[in-house]
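Keep in mind it's a predicted model, so treat the numbers as computed, not measured. Atom set for the values below is all heavy atoms of this structure, side chains included, hydrogens, waters and symmetry mates excluded.
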Amino acid sequence: MDFRESITVNNRKTKLVVCSYIVIMIVIGLLADISIRPLSEVGLLHDMQLYITFAETPYITLGIFSLTLIGIFIISKFGHKLMLSGSTYRELVPDSTLSYEDRRVVNMVEEMAISANLGYTPKVFIMETEQMNAFAAGWSKNNALVAVTSGLLSKLTRSEVQAVIAHEVGHILHGDSKLTLYVGILANVILTITNVFTRVFFFSRSQNKSANKARMILLVLNFVLPIVTQVLYLYLSRTREYMADAASVRLTGDNQAMISALQKISGDYDVHESYKKDEQSYTEKYRAAAYIFSKGDSIFSTHPSIENRLKKLRGE
């Protein structure tokens, strides 16, 4: 299997998903503009064309884009900090006195960052839990971090830990944390705007046919979009996991270590029912989407099934 080709293919899928969100957001904005300010009696598509070509200013559509940009700015500043909230952790500072095990983890992160040509070393954290997992957050020198659990470090070999760290560095390299945060903002803006305008227009009718059609479409979308946006978001998440797996192999030159690590992590999860209970808190659910492993195998799962990931890694 050509893992570089795998990354290229999944990048194309990612662009398709992001474009889908943007198109949906534009359509919602235009429908809201027409619902409030129809431009003609010719038809809905004609009014959309007038707004798209800026024959008239689509104030609501532009307002939605402004809200999205504000949300993205706020998430960019503070979103990565949520990843460590609600957990017991310690930072491994390279220049401080570290134990042999801690120094080994820092060295592996540094090695993988160099292999990935990041240009900086992400901060390194150890989460104190027996659960075997890891995650990455951030996308720059100012906010990038890699966190691994103490349970993972105690149960995997060095090469397996390195493969896991390479997977997480791959997420940083590909900007996955930024991407998923941005897409999450797009999805929430889409759903909020649709819901608000559906409530506003539910008991009202206009004398303009285009406005009434736009309101009816918004009403239907209010029920359909929560499912569509969720499916798209989770598809994107699964796609990025395949990319990070491929990055792990590319950075370490060893697919067997990643295969072995995933098998051990999956097996450990299966025999510890308490792990499933841990995922009830909000912060843990937020963090679980970024974990290297999460149980599930459907269109509503954040991660691909372990079987499918292993097949990809084996080149099947």
Side-chain angles (χ1 to χ4, degrees), residues 80-174 176-177 241 243-269 272 275 278 283-284 287-294 303 313:
H80 64 284
K81 295 180 180 179
L82 288 173
M83 299 299 289
L84 289 168
S85 63
S87 64
T88 303
Y89 63 87
R90 55 191 174 90
E91 183 177 359
L92 305 184
V93 181
D95 296 332
S96 64
T97 302
L98 299 173
S99 67
Y100 171 78
E101 290 297 327
D102 289 349
R103 174 61 61 186
R104 190 179 71 156
V105 175
V106 170
N107 289 343
M108 283 190 279
V109 174
E110 289 176 344
E111 290 168 11
M112 292 302 98
I114 292 171
S115 295
N117 292 319
L118 281 183
Y120 59 89
T121 300
K123 293 179 181 179
V124 185
F125 293 86
I126 303 292
M127 293 179 62
E128 301 296 344
T129 172
E130 282 302 303
Q131 183 175 356
M132 293 175 66
N133 236 315
F135 67 84
W139 50 87
S140 71
K141 182 179 180 179
N142 296 326
N143 58 27
L145 66 89
V146 171
V148 294
T149 65
S150 55
L152 182 138
L153 294 175
S154 67
K155 297 171 186 176
L156 295 186
T157 66
R158 186 191 189 285
S159 61
E160 290 164 350
V161 172
Q162 187 174 45
V164 169
I165 289 174
H167 172 102
E168 301 307 336
V169 170
H171 278 306
I172 296 171
L173 178 65
H174 300 147
D176 291 342
S177 181
E241 286 303 316
M243 286 181 65
D245 285 347
S248 176
V249 175
R250 184 169 67 85
L251 296 176
T252 63
D254 180 12
N255 67 330
Q256 290 304 314
M258 190 64 197
I259 289 171
S260 178
L262 286 175
Q263 288 173 327
K264 288 183 180 180
I265 294 170
S266 175
D268 185 72
Y269 185 95
H272 289 85
Y275 294 171
D278 288 343
T283 52
E284 184 63 19
R287 194 162 42 240
Y291 278 150
I292 190 171
F293 173 79
S294 183
H303 290 57
L313 287 165

Given side chains that start at C-beta, do those of [X] and [Y] come closer than 4.5 Å, heavy atoms only?
X: Ile126; Y: Val148; value: yes
X: Met108; Y: Arg158; value: yes
X: Ile259; Y: Gln263; value: yes
X: Met112; Y: Leu173; value: no
X: Glu160; Y: Lys155; value: no
X: Met243; Y: His171; value: no

Search all heavy atoms of [X] against all heavy atoms of [Y] and return the closest pair with its distance.
X: Ala166; Y: Leu251; result: O-CD1, 3.8 Å
X: Ile172; Y: Leu145; result: CD1-O, 3.7 Å
X: Thr252; Y: Ser248; result: OG1-O, 2.7 Å
X: Ser150; Y: Thr129; result: OG-O, 3.0 Å
X: Val105; Y: Leu153; result: CG2-CD2, 3.7 Å
X: Ala257; Y: Asp254; result: CB-OD2, 3.3 Å

What distance do Asp176 atom CG and Phe135 atom CZ have between them, rounded to the nearest 0.5 Å?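 Going from CG on Asp176 over to CZ on Phe135, the span is 14.5 Å.
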Working to the nearest 0.5 Å, report the span between CD1 of Ile265 and CG of Leu156. 5.5 Å
According to the side chain to side chain donor-acceptor pair (under 3.5 Å) rule, which pairs have a member within residues 109-120, sequence neighbours left out?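 Found Glu111-Gln162.
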Under 3.5 Å, side chain of [X] to main-chain N/O of [Y], donor-acceptor pair present?
X: Arg103; Y: Pro94; value: yes
X: Ser177; Y: Trp139; value: no
X: Lys141; Y: Leu118; value: no
X: Asn255; Y: Leu313; value: yes
X: Ser266; Y: Leu262; value: no

